[in-house]
2 protein chains.
Amino acid sequence: MYQPHPALRKPITAADRVLQEIQRAIVDGDMAAGSKISEPELARRFDLSRAPLREALARLERCHLIERIPNAGARVVKLSTTGLLALYQLRENLEGLACKLAAEHMSDDEITEVRQLLDQHLSSQRVREGESYYQEAGDLDFHYRVILGSKNSYLINILCDELYYLVRMYRVQLGMNGPRVSRAFDEHKAIITAIANRDGELADLLMRRHIAASRRNIELQLEQMGT
Amino acid sequence: MYQPHPALRKPITAADRVLQEIQRAIVDGDMAAGSKISEPELARRFDLSRAPLREALARLERCHLIERIPNAGARVVKLSTTGLLALYQLRENLEGLACKLAAEHMSDDEITEVRQLLDQHLSSQRVREGESYYQEAGDLDFHYRVILGSKNSYLINILCDELYYLVRMYRVQLGMNGPRVSRAFDEHKAIITAIANRDGELADLLMRRHIAASRRNIELQLEQMGT
DNA sequence: GATACATATATTGTCGACATAATTAATCAC
DNA sequence: GTGATTAATTATGTCGACAATATATGTATC
């Protein structure tokens, strides 16, 4: 699965491992949204003490996958339409900025790599038509690369470490796939082209549209589930 | 001092207290930039065990005041020109967005309150001409109100909880005051007027300019120190 | 039967101690 | 004297247990 981001932090601690496991469990819906998190129970389940577990919980709160109340415990975050809207409002803006900065700061080599990545996605997509999971990963891969290309450490931290698990949670639990998949590839192509042309303004615009389209797609899915 | 933000979390824990103390110490420069953080030493200093201290350190990392390396410990963050640039690049964008959203979502009452706040600042500023600290707090107060007015919880979290301590650190340690103070008030006035007129686009633009001006001011200060 | 209060239970926050890893000090080779 | 290697020391990661707080249960009252 996706590491926080090309993290230099080599030594992997017990807290890291349990963090990844719980992250995956929440994103995939194995831990029900809104359900209470019991520290003693999780400690038993993952066979470690509460100290590293609490470290993991602190980081889960940081990426908005759980909500903690002092002395009262933590709960798995609940998906909501307003939450989705707020999240994507922010994403449009931040990833737009990331594109603008990427157009300024990405090296030619990095751009070439992203293009190769897209070609690779296209071929693998043709093979596994409709396979939602790999598309999901591929899409995030593209966004990751662009975000890293911004070279703004705070922006990278917010998008890759703090917001993306939530984004994935919405996508995974709402079962995103369908016809938007192929269109998304075209939009990715257009974005990297704008970046390659060092046209930050256009790259910004295209990314905002790309994310807005994705948001509408998810909103639709949410409404569908509501009825 | 400034609480994380109008936090509903009533119960104040030992970790909260030590967090605030260390936050203040780092922002004010009482803990030297780049200096190592010793858990045993701090635990002794604040007379508590390492458990709540580590909780506090986790949150300090979250607001970028310290940098941790697994198994190697934490260090107080170092100010740098590139860091300042990255931070303000992000701020321009995010607070611009906050303004746009505030123009949509702030109630008339909230707008009135902010205006009263500005009048209050103006009078108190005339009394204590050049008093940097109160201006500092007042400026942040204005920005806080606007950010809260955006009603976007993720945006609020990022700006008020994760980025603002760093902003304050740059300002406090570089001794921001001087002639920009009075101009900043005018800019605040213009921004809240745009919000009151429900002109999100203009409010966005004005806030970006306001922050860009602030950035140039700080950059100047940094260069001055470099020579 | 519903509400308010008191009790009992369980959970979180905190503590002190140990295991492991990193840093420093010391030793040795050249 | 300098560099590398090893030992000593310190710090971080983890553990199990206790204290304070919140939740759940039961009891009494209206």
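Letters go in sequence order (proteins before strands), and every chain restarts at 1.
- Rounded to a whole Å, the CD atom of Glu39(A) is 13 Å from the C1' atom of dA22(D).
- Under the 4.0 Å criterion applied to side-chain N and carboxylate O atoms, Glu21(B) and Arg17(B) are not assigned as salt-bridge partners.
- Look at CG on Asn71(A): it is 13 Å from P on dA20(D), rounded to the nearest Å.
- Phosphate contact (OP1/OP2 of dT10(D), side-chain N/O of Ser38(B), threshold under 4.0 Å): absent.
- Across Leu60(B) and Gln23(B), no two heavy atoms sit closer than the pair CD2-CG, 3.8 Å.
- Here Arg54(A) reaches the OP1 or OP2 of dG13(C): one of its side-chain N or O atoms lies under 4.0 Å away.
- We find that CZ of Arg44(A) is positioned 20 Å from P of dT14(D), with the value rounded to whole Å.
- With rounding to whole Å, Phe46(A) atom CZ is found 14 Å from dC15(D) atom P.
- Between Ala72(B) and Pro52(A), the residue whose closest nucleotide on DNA chain D is further toward the 5' end is Ala72(B).
- When heavy atoms are screened at a 4.0 angstrom cut-off, Leu57(B) is found touching no nucleic acid atom at all.
- Between dA22(C) and Lys36(B), no contact under 4.0 Å exists linking OP1 or OP2 to a side-chain N or O.
- With rounding to whole Å, Arg68(A) atom CZ is found 15 Å from dT11(C) atom P.
- Nucleic acid contact class of Leu53(B) (heavy atoms, under 4.0 Å, all strands): none.
- If you measure from atom CZ of Arg50(A) to atom P of dG16(D), you get 12 Å, rounded to the nearest angstrom.
- Counting to the nearest Å, the P atom of dA20(D) and the CG atom of Leu48(B) are 16 Å from each other.
- In this structure, the CD1 atom of Ile37(B) is 14 Å from the C1' atom of dA11(D), given to the nearest Å.
- Using a 4.0 Å heavy-atom cutoff across all strands shown, Ala14(B) reaches sugar-phosphate atoms only and no base atom.
- Judged by distance alone, with hydrogens and angles left aside, the side-chain atoms of Asp119(A) form no donor-acceptor pair with the main-chain N or O of Gln116(A) at under 3.5 Å.
- Looking at Arg91(B) and Tyr164(B), their side chains do bring a donor and an acceptor atom within 3.5 Å of each other.
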Please walk me through it: do Glu95(B) and His210(B) pass side-chain contact (heavy atoms from CB on, under 4.5 Å)?
CA-CA 10 Å; Glu95(B) 290 211 36; His210(B) 173 61; over 6 Å; no
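- Phosphate contact (OP1/OP2 of dC15(C), side-chain N/O of Ser49(B), threshold under 4.0 Å): present.
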